[in-house]
Amino acid sequence: MVHVYNCHPFASQHIVAAEQEPGLVCCGGGAVFVVSAGGCKIEAYELQREGCPLICRFSSMGSVLSIRHSAVGDYLVTIEEKNKATYLRAYTNWRYQAVEKTRVGVRLLGHLLRGSSFRGTPKEQMEIIEIPLFEPPLCMACCSLTGDLLVGCAKSLVVFSLKRQTLSEQLSVLDFERVLILHIQGWSPSQVAFCAGYVALQTELEVLVVKLTPRQKSSAAAEEHALLPEDIMTETSIDEDAEMTKDGFSPLHAQEDFFLFPKHQEMLGNEAQECGISLVLEWTGMEAESRGDMSVFALSRRFAPDFFQGCSVEETRLHSLQLHPMFTGKGEPTCVFVFFSLPNTGYMYSLKNTVELVSTYQYPEKAHQAVLSDQFLYIITRNALQCFTVRCSAVAARVDDPYIDTTMKACPPVTMEVCALRIQLFIGLKLLCQDGNQIVLLTAADVDSKEDTERTARRNTSRKTSVCKPTEPADSGHGWNLYVITSVSTLQLYREIVEYSKRYEQSSPSSQSCVHLLSEGHLLLRTALLLQDCESAERAQLQEAFQESCAQLGDCFSRFDKKDCHLALPYYKMSGLAVTDVIKRNVPVSSISAGYGKGFIFFLKHSLYEETMEELSKDMADKVLEIFSVAEPAQLPHVVSSPSMLNADPDSAMTHLRQLEASGAPSITLSLCVASQALRKGDLHTYRQQMDRHAEMLQVYGFIEEPKLLLHGRGKGVLPTILAQHLHDTHEGLLVAAVVALHENSKIRLEEADLFFQELCKDGAEADSSPQLLVDFWEALLVASSHEAIIQELLFRLTSVYIDRITRRDRAGVKALKTAEDLVSVHTFLACYSTF
């Protein structure tokens, strides 16, 4: 299901003052290129300046059937027709045509003009490069990363590598080299796409994506056939088909007496190797012999002709094939997506790492064209421009940051339903293209009769290829307009989405629509931050808004009682809010309702247990005790023991613990907590009363269940509690036994135990050496431990201590906790703790 909202992602629109009716339009490099309806004149207009002033205009050598712009190299490539022949041409240095009467050079691919034209001062001139092919071109695409060119023909795909040739110190020119031919049997592509080593091709009802990956040749003997992957049809099988045809037995794909309707099929990743399509690679460039690349099928998707909403079987065909890279830094793209569309449904797949379907778009009416960008999917229908959200940043974030989907960080799920932010009405939409934050639309009033429209549709259906010739100017002079629409800034759209979400929040604070809108706003900000193409001041504003977005999502999930309530924890962590601020944001809301949200309790509980939160004030600590006494009373012993609760009123803590005890939930840990709070109050009577309720062995169990009764902090910041200090003065044996049990149950590391005892004994006479209590701990742990590495470490430490004692003999007044005989007999007592 697609959610539909009424936001405003478009900031402004203005009309390009083209002189003649456009037949074709494309954009890129900050310019929009308009091919006149006659097809022989190309005009370039600047998108970034108000009014879109004309940059230049120049004539093509033939009637332009298709045009593309490459950002790398800033060149145009066209498929042109002249005298019933089809040509492929590239136009480089086209910006020089801004100066009138600028020279134009025409040359063949690979033939550089080194004669008198370039003697003396370098000439600034546009070049038209003729690119020869063995068969007529049907479609083409440019790689946005390298500028390389992919051309689709009836029986093959041809890859041309973009090169910059240096003619002199002051002059270099662009050129192309044919490097690869992909022979595809039985395929005549209607559209192709090329990006980051991925090749995508599309027929009327089938899409294939191939990844060209490097491989190493196994031997010199295999070099001859290294271009043929083992899992594809070889030339031998092709020859066999030809022989069968010669003998009168036509293979299935060559029979024309009947037509087989294909069935729906989706094959992803390794499964796509079994799609049954023959693909043969033929390297033709200068480095062909050193090539070790092979083709790996990444995706194969086939659709069966079907009746879609408002579409006949004849109209059911794919369009808008696109490969879209997304970068989160310099170098290779983090993710690559492929998009293609049926009249009423669009599909976006992620190709890198795992090939998977990311989103499915259900259009409210028949779509003519679609364009995918980092933040949005734009589609045009007959009378509307529609803006959909995408999940590119959700995929890229998980690839870029391994902490996503943990208790540290979160991101809206890739599978979250998409939404339409805006449906903007236009009359007679014909073409759509996009460059940066600007969209170009061509509209033309449709005054053809229904019969003419149906005849045109039938004529287009009967064509073998999908190369569309530019329409001839109509005698009646149809009305047309060329619009440039500018998108609003990410921050402005985010703030509008937040305001929009408040409508749902007022009716239901935990509304799914509210969460959905806030998640969409979060992804918009995340996309802008991932792209890293903004200035430092703007980035600081985006980061601030991002943290605000995290806080708002944390608020939503903190009120949830569903499975997603755990997301409150990572979102609040990412917001940068202090725990005190989070409590203030939740307590007023919770006091109105009948309790506290599970997400809020989950966040509070984990923040207390992780010991990463700040020390709470007395009022806030007492409030936390009140919250847990209502929401989860059983957690009170663990909450009271947290180092963040040191400022809590001991009387209030005792009251809540007594209420828990009176409810019929006595435990060893609860008694130890009451004893600890009694020490804070100076009530030794209550302390002894609570400690005498359980045997020492059971008390050790209680310390294992809640280590924070004895120590706070981890790593280099271990500090003993008031209870540990009192046991040090009154009951050292229980203290050592408890720390040994903590170590053997992986509650504390050996280094942390060392710091604990050194901190505990730092005010004693042995502060500069190994305290006796620490030595007692080593001796006890040596008896109890079964880990060889720990035993060896303890033996080394104890040996050093014993040698020091023998040589110094100044241990008067220091008494060991256990004698040698005691250490042997205590083995049975301590061994039981290692099994806790």
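Side chains included, hydrogens not; waters and symmetry mates left out as well; all remaining heavy atoms used. This structure is a prediction, so every number in the text was calculated from the model and none was measured.
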### Message
Using 0.5 Å steps for rounding, measure from the OG atom of Ser652 to the CG atom of Leu657.
### Response
9.5 Å

### Message
Could you measure the distance from the CZ atom of Phe600 to the CD1 atom of Ile627? Nearest 0.5 Å is fine.
### Response
4.0 Å

### Query
Under the side-chain hydrogen bond (donor to acceptor under 3.5 Å, both in side chains) criterion, do Thr669 and Glu706 qualify, and how do the steps go?
CA-CA 7 Å; Thr669 305; Glu706 185 46 81; over 6 Å; no

### Query
Side chains of Glu759 and Val718: does their closest heavy-atom pair fall under 4.5 Å?
no

### Under 3.5 Å: donor-acceptor pair, side chain of Ser641, backbone of Pro637
yes

### Task
Could I get the full list of salt bridge (Lys or Arg N to Asp or Glu O under 4.0 Å) partners for Arg693, not counting sequence neighbours?
Glu661

#### Entry: Salt bridge Lys605-Glu610, side-chain N to carboxylate O under 4.0 Å
no

#### Entry: Sidechain-backbone polar pair: Asp649 side chain, Asp622 backbone, donor-acceptor under 3.5 Å
no

### Task
Start with the C-alpha distance between Glu538 and Leu542, add both sets of side-chain angles, then the distance that settles side chain to side chain contact (heavy atoms under 4.5 Å, CB included), and finish with yes or no.
CA-CA 6 Å; Glu538 182 184 358; Leu542 288 169; 4.3 Å; yes

### Task
Give a yes or no on this: more than 12 heavy atoms of other residues, nucleotides or ligands lie within 6.0 Å of atom NZ of Lys573.
yes

### Query
Got a donor-acceptor contact below 3.5 angstrom from the Thr807 side chain to the Asp804 backbone?
yes

### Message
So does Ala634 get a backbone contact from the side chain of Glu632, meaning a donor-acceptor N/O pair under 3.5 Å?
### Response
no

### Message
Using only atom types and a distance under 3.5 Å, with no angle test, would you say the side chain of Glu752 pairs donor to acceptor with the backbone of Arg749?
### Response
yes

### Message
Show, in sequence, the C-alpha distance, side-chain angles and deciding distance for Lys352 and Thr334, and conclude whether the side chain to side chain contact (heavy atoms under 4.5 Å, CB included) test is met.
### Response
CA-CA 8 Å; Lys352 222 167 184 184; Thr334 304; over 6 Å; no

### Query
Do Tyr701 and His694 make the cut of ring centroids closer than 6.0 angstrom?
no

### Query
Any sub-3.5 Å donor-acceptor pair from Gln635's side-chain atoms to Phe628's backbone N or O?
no

### Query
If you measure from CG on Leu794 to CZ on Phe777, what distance do you get to the nearest 0.5 Å?
7.5 Å

### Task
Under the side-chain hydrogen bond (donor to acceptor under 3.5 Å, both in side chains) rule, what do Gln725 and Asp729 come out as? Steps first, then yes or no, please.
CA-CA 7 Å; Gln725 294 171 355; Asp729 297 332; over 6 Å; no

#### Entry: Check: His638 and Lys708 side chains under 4.5 Å, non-hydrogen atoms
no

### Message
Has Arg539 got a side-chain atom pairing as donor or acceptor with Leu529's backbone, closer than 3.5 angstrom?
### Response
yes

### Task
Please check if the side chain of Asn586 supplies one atom and the backbone of Val582 the other of a donor-acceptor pair under 3.5 Å.
yes

### Message
Measuring only between side-chain heavy atoms, which start at C-beta, is Cys7 closer than 4.5 Å to Ile497?
### Response
yes

#### Entry: Separation between NE2 of His566 and OG1 of Thr407, rounded to the nearest 0.5 Å
10.0 Å

### Task
Find the distance between CG (Leu672) and CG (Leu698) and round it off to the nearest 0.5 Å.
10.0 Å

### Query
Okay, side chain of Arg398, backbone of Cys411: is any donor-acceptor separation there less than 3.5 Å?
yes

### Query
Which heavy atom of His522 sits nearest a heavy atom of Pro412, and at what distance?
CD2-CD, 3.4 Å

### Message
Quick test of your reading of the model: are Glu793 and Arg797 salt-bridged, counting only N-O distances below 4.0 Å?
### Response
yes

### Query
Is there a side chain to side chain contact (heavy atoms under 4.5 Å, CB included) between Glu499 and Glu496 once you walk through the steps?
CA-CA 5 Å; Glu499 290 299 319; Glu496 183 186 2; 5.7 Å; no

### Message
For Ser519, give me all partners under side chain to side chain donor-acceptor pair (under 3.5 Å), at least two apart in sequence or on another chain.
### Response
none

### Message
Are Leu774 and Phe756 packed together at the side-chain level, in the sense that at least one heavy-atom pair is separated by less than 4.5 angstrom?
### Response
no

### Query
Parallel under 30°, tilted from 30 to 60°, perpendicular over 60°: which one fits the rings of Tyr687 and His726?
perpendicular

### Query
Going by the angle between their ring planes, with limits at 30° and 60°, are Tyr5 and His516 parallel, tilted or perpendicular?
tilted

### Task
Taking the side chain as every heavy atom from C-beta outward, state whether Arg391 and Leu523 have any pair of such atoms under 4.5 Å apart.
yes

### Task
Answer yes or no: is there a side-chain heavy-atom contact under 4.5 Å between Leu525 and Leu491?
yes

### Query
Going through the distances and angles, do Tyr571 and Leu518 end up as a side chain to side chain contact (heavy atoms under 4.5 Å, CB included)?
CA-CA 12 Å; Tyr571 277 120; Leu518 290 175; over 6 Å; no

### Query
Quick one: are Asn647 and Leu616 in side-chain contact, heavy atoms under 4.5 Å?
no

#### Entry: Spacing of Phe327 atom CZ and Asp374 atom CG [to the nearest 0.5 Å]
9.5 Å

### Task
Determine the minimum heavy-atom distance between Pro643 and Glu615, stating which atoms define it.
O-CG, 4.2 Å

### Where Met691 and Ala675 come nearest, the two heavy atoms and their spacing
SD-CB, 4.0 Å

### Summary
Nearest heavy-atom approach of Leu530 to Ala397 is CD1-N, 4.2 Å

### Task
Identify the two heavy atoms, one from Leu795 and one from Leu782, that lie closest to each other, and give their separation to 0.1 Å.
CD2-CD2, 3.9 Å

### Query
Between the side chain of His743 and the main-chain N/O of Val739, is any donor-acceptor distance below 3.5 Å?
no

### Task
With the side chain counted from C-beta on, respond yes when Leu773 and His728 share a heavy-atom pair under 4.5 Å apart, and no when they do not.
yes

### Task
Tell me, with the steps shown, if Gln792 and Glu788 meet side-chain hydrogen bond (donor to acceptor under 3.5 Å, both in side chains).
CA-CA 6 Å; Gln792 294 299 323; Glu788 185 63 28; 2.7 Å; yes

### Task
Please name the pair of heavy atoms, one in Met574 and one in Gln547, separated by the smallest distance, quoted to 0.1 Å.
O-CG, 3.8 Å

